[in-house]
Amino acid sequence: MAEFDGKVVLITGASSGIGAETAIEFAASGASLALVGRDEERLEKSAQACLAKGLTKDKVLTIKADMCVEDDVKRIMESTITHFGKLDVLVNNAGRGSPSSLSSENLMENYDHMIKLNVRSVLQITNLAAPHLIESKGCVVNVSSVCGKRVMAGMLAYNIAKAAIDQFTRCTALDLAPKGVRVNAVNPGTIMTPAQTVYGMSLEQIHERASKVHPMGRAGEASEVAPAIKFLASNAASFITGETLSIDGGRHVSCAR
Ligand SMILES: NC(=O)c1ccc[n+]([C@@H]2O[C@H](COP(=O)([O-])OP(=O)(O)OC[C@H]3O[C@@H](n4cnc5c(N)ncnc54)[C@H](OP(=O)(O)O)[C@@H]3O)[C@@H](O)[C@H]2O)c1
């Protein structure tokens, strides 16, 4: 019997990058999956990659939804429970960074969007999931960032949002611990996903910068984050809650010189 046989895992942002890799990781362990994203084509590609790991079609549900739309978030939870009848693991991964600073013309707009996507939607879906997770004695894994623990210059609102997710992880871990639900987070450094290419840098430039800022001398891959998410959701982590786990080649322990 595979490790996650009979477990239902809901992953937001499963159509790309870390979320897509996490879906494959859980699929390989036999989990039933609810996969959320906005881009139908890429979401379907993720679903196919999960089916290729041996899951039957009824074990993979795709839900096209925008995490910034409250009714969409309600529909995600309703569809998941209608289809699978329960929820064991919620992976709050959907999110994105965007540059901003005190001199940005669009600072307030940027702040509202960063908070709505990276924090408010996580709060809403976790709130809706909580009764189901309490029933299943399940768990939550949030995808935060090194930006939750340290400040990345020029990413003001995103840094604030990910710091809020770290604190949200601790708050909800305390809230849900007596009810048998664990809540943890992963804090990745630079991970080579499509998100990296939106800042106008070439792949070469991204690798070059990553080699300087990560003590291990390189960027990470989504395949180095997904197993840690699965670990935090597994029985092997049964006494771990409120943790924010850095996956950043040592970046969070270094300081500029
Ligand atoms: N890559 C890194 O270096 C890095 C480092 C630290 C933390 N992170 C965090 O890791 C998480 C995943 O990022 P990634 O690098 O894998 O990025 P990615 O490849 O761009 O994937 C982002 C995912 O989030 C989804 N998403 C974005 N906005 C959404 C919305 N409004 N509604 C629903 N889904 C939405 C996207 O779905 P659609 O495209 O289908 O809308 C996509 O599946 C994010 O929370 C990010 O902040 C990434």
Side-chain angles (χ1 to χ4, degrees), residues 12-13 16-22 67-68 91-123 140-172 183-226 228-229 232 242-257:
T12 67
S16 177
I18 293 169
E21 193 67 32
T22 301
M67 294 301 296
C68 293
V91 180
N92 285 317
N93 165 75
R96 201 152 279 171
S98 167
S100 67
S101 69
L102 285 179
S103 53
S104 299
E105 268 180 31
N106 67 341
L107 177 61
M108 298 316 291
E109 197 186 313
N110 179 284
Y111 176 82
D112 286 345
H113 181 58
M114 286 295 97
I115 294 296
K116 194 171 192 179
L117 172 60
N118 295 302
V119 185
R120 195 177 191 282
S121 75
V122 174
L123 183 77
V140 179
V141 183
N142 298 317
V143 179
S144 180
S145 167
V146 65
C147 297
K149 297 184 177 187
R150 297 289 178 266
V151 173
M152 191 180 289
M155 299 292 280
L156 176 56
Y158 182 70
N159 291 331
I160 293 170
K162 289 300 189 182
I165 284 300
D166 284 1
Q167 190 70 329
F168 173 78
T169 301
R170 291 182 282 267
C171 292
T172 48
V183 185
N184 292 292
V186 292
N187 296 64
T190 301
I191 305 297
M192 296 310 291
T193 69
Q196 286 299 330
T197 53
V198 300
Y199 302 114
M201 288 199 295
S202 67
L203 281 181
E204 203 179 23
Q205 287 169 320
I206 297 166
H207 279 295
E208 164 76 14
R209 195 180 64 177
S211 72
K212 291 186 181 135
V213 297
H214 297 87
M216 286 183 73
R218 64 174 177 86
E221 300 294 333
S223 60
E224 294 176 292
V225 181
I229 293 173
L232 287 171
E243 183 59 63
T244 50
L245 178 64
S246 293
I247 306 172
D248 64 359
R251 190 171 181 175
H252 71 291
V253 292
S254 72
C255 69
R257 185 176 173 168

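If you read the sequence from its start, that first residue is 1, and numbering goes on from there.
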Any donor-acceptor pair under 3.5 Å from N184 side chain to G242 backbone: yes
M201 atom CE, over 12 foreign heavy atoms within 6.0 Å: yes
Identified side-chain hydrogen bond (donor to acceptor under 3.5 Å, both in side chains) counterpart of T190 within the set R209, R251, Q196: R251
With R170 via side-chain contact (heavy atoms from CB on, under 4.5 Å) - residues at least two apart: D166, Q167, T244
Donor-acceptor contact present, side-chain K162 to main-chain K149, <3.5 Å: no
Backbone of S103 reached by a side-chain donor or acceptor of S101 within 3.5 Å: yes
Sidechain-backbone polar pair: R120 side chain, I115 backbone, donor-acceptor under 3.5 Å: no
N93 side-chain N/O to G13 backbone N/O, donor-acceptor pair under 3.5 Å: yes
Donor-acceptor contact present, side-chain N118 to main-chain G95, <3.5 Å: no
Other residues, nucleotides, ligands: >12 heavy atoms within 6.0 Å of Q205 CD: yes
Main-chain N/O of A94 paired with T12 side-chain donor or acceptor, under 3.5 Å: yes
N110 side chain to N106 backbone, donor-acceptor under 3.5 Å: no
